K.L.:
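The following block contains the structure, expressed as structure tokens.
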Amino acid sequence: MFDTPPLSPWIDLAPHGDSRGQLTVAEGLALPFEIKRLYWLHGFSGAPRGGHAHRTLWQVFVPLAGALTLTLETARGARSYRLDNPARALLVGPMTWRDLTDFAPETVCLVMASAAYDEADYIRDHAAFRVAARHVTFSPTTA
């Protein structure tokens, strides 16, 4: 058991390239979850995205094009990550507040999630998240 998931470690994907270009593979990843949903974010207006946490959902963020900043907060603190390399993904665990900002033009970000959309899994009030995050424990095998 641990208090909260780690503040989102990087996952290096497997890039393969030659004179024709690059192919990056996300195969055999050691994720703490089975991928149940894929979606991508694009067409950013410049307004921040996110502004919420998930109670149980795990996600992996992959910047397919462009770049963005993902600021994450857990009971352990906050940290910002610049996602700008499609061969590098970021693992985000449950009970992690996320804010997405600073989008480069034409940014596309793929998200792999551990479950289908469920509004009941969201925490949209930051103060309520901070209270809840202090009192939650997770087992890495329950994702």
Side-chain angles (χ1 to χ4, degrees), residues 1-17 21-143:
M1 297 291 279
F2 52 96
D3 293 332
T4 56
L7 255 184
S8 303
W10 289 107
I11 299 170
D12 290 318
L13 302 175
H16 304 278
Q22 297 289 315
L23 176 126
T24 300
V25 178
E27 183 176 53
L29 298 177
L31 298 177
F33 64 88
E34 179 183 343
I35 298 167
K36 301 277 179 92
R37 180 178 184 222
L38 294 174
Y39 63 92
W40 44 100
L41 306 165
H42 57 96
F44 298 102
S45 68
R49 299 275 322 224
H52 64 270
H54 290 280
R55 297 175 198 287
T56 61
L57 188 76
W58 288 80
Q59 295 174 307
V60 173
F61 289 78
V62 184
L64 299 179
L68 65 127
T69 298
L70 184 54
T71 300
L72 304 173
E73 178 185 343
T74 70
R76 295 179 181 162
R79 183 170 173 190
S80 292
Y81 299 86
R82 187 70 177 163
L83 281 68
D84 60 4
N85 179 349
R88 205 151 196 235
L90 196 65
L91 175 65
V92 178
M95 294 306 291
T96 303
W97 189 267
R98 76 262 346 262
D99 288 306
L100 291 78
T101 59
D102 303 321
F103 307 105
E106 306 302 320
T107 294
V108 178
C109 184
L110 173 70
V111 182
M112 297 177 261
S114 64
Y117 174 83
D118 178 5
E119 180 61 32
D121 191 58
Y122 282 75
I123 302 173
R124 297 187 186 274
D125 179 272
H126 196 225
F129 159 75
R130 285 185 166 172
V131 170
R134 288 191 308 240
H135 302 292
V136 174
T137 59
F138 290 96
S139 167
T141 60
T142 60

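These numbers were taken from a predicted model, which means no experiment stands behind them.
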K.L.:
In Å and rounded to the nearest 0.5 Å, what is the SG to NE2 distance from Cys109 to His42?
P.N.:
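If I round to the nearest 0.5 Å, the distance is 11.0 Å.
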
K.L.:
For a quick test of reading the model, state the closest non-hydrogen atom pair linking Ala115 to Leu57 and the distance between them.
P.N.:
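Where Ala115 meets Leu57 most closely, the heavy atoms are N-CD1, 3.4 Å.
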
K.L.:
Atom CZ of Arg88 and atom CG of Leu83: how far apart are they, to the nearest 0.5 Å?
P.N.:
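Answer rounded to 0.5 Å: 9.5 Å.
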
K.L.:
If you round to the nearest 0.5 Å, how far is CG of Leu38 from CE of Met112?
P.N.:
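Between Met112 CE and Leu38 CG, I get 7.0 Å after rounding to 0.5 Å.
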
K.L.:
Which atom names give the shortest non-hydrogen contact between Val131 and His135, and what distance separates them?
P.N.:
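The pair with the smallest heavy-atom distance is O-CD2, 2.9 Å.
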
K.L.:
Is it the case that over 12 heavy atoms from other parts of the model lie below 6.0 angstrom from the CZ atom of Arg98?
P.N.:
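Atom CZ in Arg98 is crowded, with more than 12 foreign heavy atoms closer than 6.0 Å.
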
K.L.:
Do Pro48 and Asp99 have side-chain heavy atoms sitting under 4.5 Å apart?
P.N.:
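A side-chain contact is absent here, since even the closest heavy-atom pair is not under 4.5 Å.
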
K.L.:
Would the distance check show the side chain of Asp121 and the main-chain N or O of His54 forming a donor-acceptor pair, the cut-off being under 3.5 Å?
P.N.:
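Checked: no pair found.
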
K.L.:
Is there a side-chain contact between Pro86 and Leu110 in this structure, where contact means two heavy atoms from C-beta onward sitting under 4.5 Å apart?
P.N.:
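Heavy-atom side-chain distance check fails, nothing below 4.5 Å.
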
K.L.:
Are Val92 and Leu70 close enough, and set up right, to give a side chain to side chain contact (heavy atoms under 4.5 Å, CB included), and what steps lead you there?
P.N.:
CA-CA 10 Å; Val92 178; Leu70 184 54; 4.2 Å; yes

K.L.:
Between Leu72 and Leu90, is there a side-chain heavy-atom distance shorter than 4.5 Å?
P.N.:
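They are in side-chain contact.
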
K.L.:
List the steps and the verdict of side chain to side chain contact (heavy atoms under 4.5 Å, CB included) for Asp102 and Arg82.
P.N.:
CA-CA 9 Å; Asp102 303 321; Arg82 187 70 177 163; 3.4 Å; yes

K.L.:
What is the minimum heavy-atom distance between Thr96 and Phe129, and which atoms define it?
P.N.:
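Closest approach of Thr96 to Phe129: N-CE1, 4.0 Å.
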
K.L.:
To the nearest 0.5 Å, what is the distance between CG (Leu41) and CG (Leu68)?
P.N.:
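Between Leu41 CG and Leu68 CG, I get 8.0 Å after rounding to 0.5 Å.
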
K.L.:
For residues Leu100 and Phe61, determine if any side-chain heavy atom of one lies less than 4.5 Å from a side-chain heavy atom of the other.
P.N.:
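Result yes, sub-4.5 Å side-chain heavy-atom pair found.
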
K.L.:
Evaluate side chain to side chain contact (heavy atoms under 4.5 Å, CB included) for Thr74 paired with Arg79, printing each intermediate quantity in order.
P.N.:
CA-CA 9 Å; Thr74 70; Arg79 183 170 173 190; over 6 Å; no

K.L.:
Any idea which heavy atoms bring Thr24 and Ala87 closest together, and the distance?
P.N.:
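Shortest heavy-atom separation between Thr24 and Ala87 comes out as CG2-CA, 3.8 Å.
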
K.L.:
Would you check if Asp84 and Pro63 make a side-chain contact, meaning some heavy-atom pair closer than 4.5 Å?
P.N.:
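A side-chain contact is absent here, since even the closest heavy-atom pair is not under 4.5 Å.
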
K.L.:
Return the orientation label for the Tyr81 and Trp10 ring planes: parallel under 30°, perpendicular over 60°, tilted otherwise.
P.N.:
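Perpendicular, since the angle between the ring planes exceeds 60°.
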
K.L.:
Where is the tightest heavy-atom contact between Pro94 and Arg55, given as atom of each residue plus distance?
P.N.:
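Taking every non-hydrogen atom into account, CB-O, 3.3 Å.
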
K.L.:
Kindly give the heavy-atom pair with the smallest separation between Phe33 and Ala113, and that separation in Å.
P.N.:
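In terms of heavy atoms, the two residues are closest at CE1-C, 3.7 Å.
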
K.L.:
Got a second to check how far Gln59's CD is from Leu91's CG, nearest 0.5 Å?
P.N.:
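Here the interatomic distance stands at 10.0 Å.
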
K.L.:
List the residues meeting salt bridge (Lys or Arg N to Asp or Glu O under 4.0 Å) with Glu119, not counting sequence neighbours, and say none if there are none.
P.N.:
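Scan of Glu119 (salt bridge (Lys or Arg N to Asp or Glu O under 4.0 Å), adjacent residues dropped) gives Arg124.
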
K.L.:
Looking at CZ of Arg130 and CG of Asp125, how far apart are the two atoms once the value is rounded to the nearest 0.5 Å?
P.N.:
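Taking CZ in Arg130 and CG in Asp125, the distance rounds to 10.5 Å.
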
K.L.:
Give the intermediate values and the outcome of side chain to side chain contact (heavy atoms under 4.5 Å, CB included) for residues Ile11 and Leu31.
P.N.:
CA-CA 9 Å; Ile11 299 170; Leu31 298 177; 3.6 Å; yes

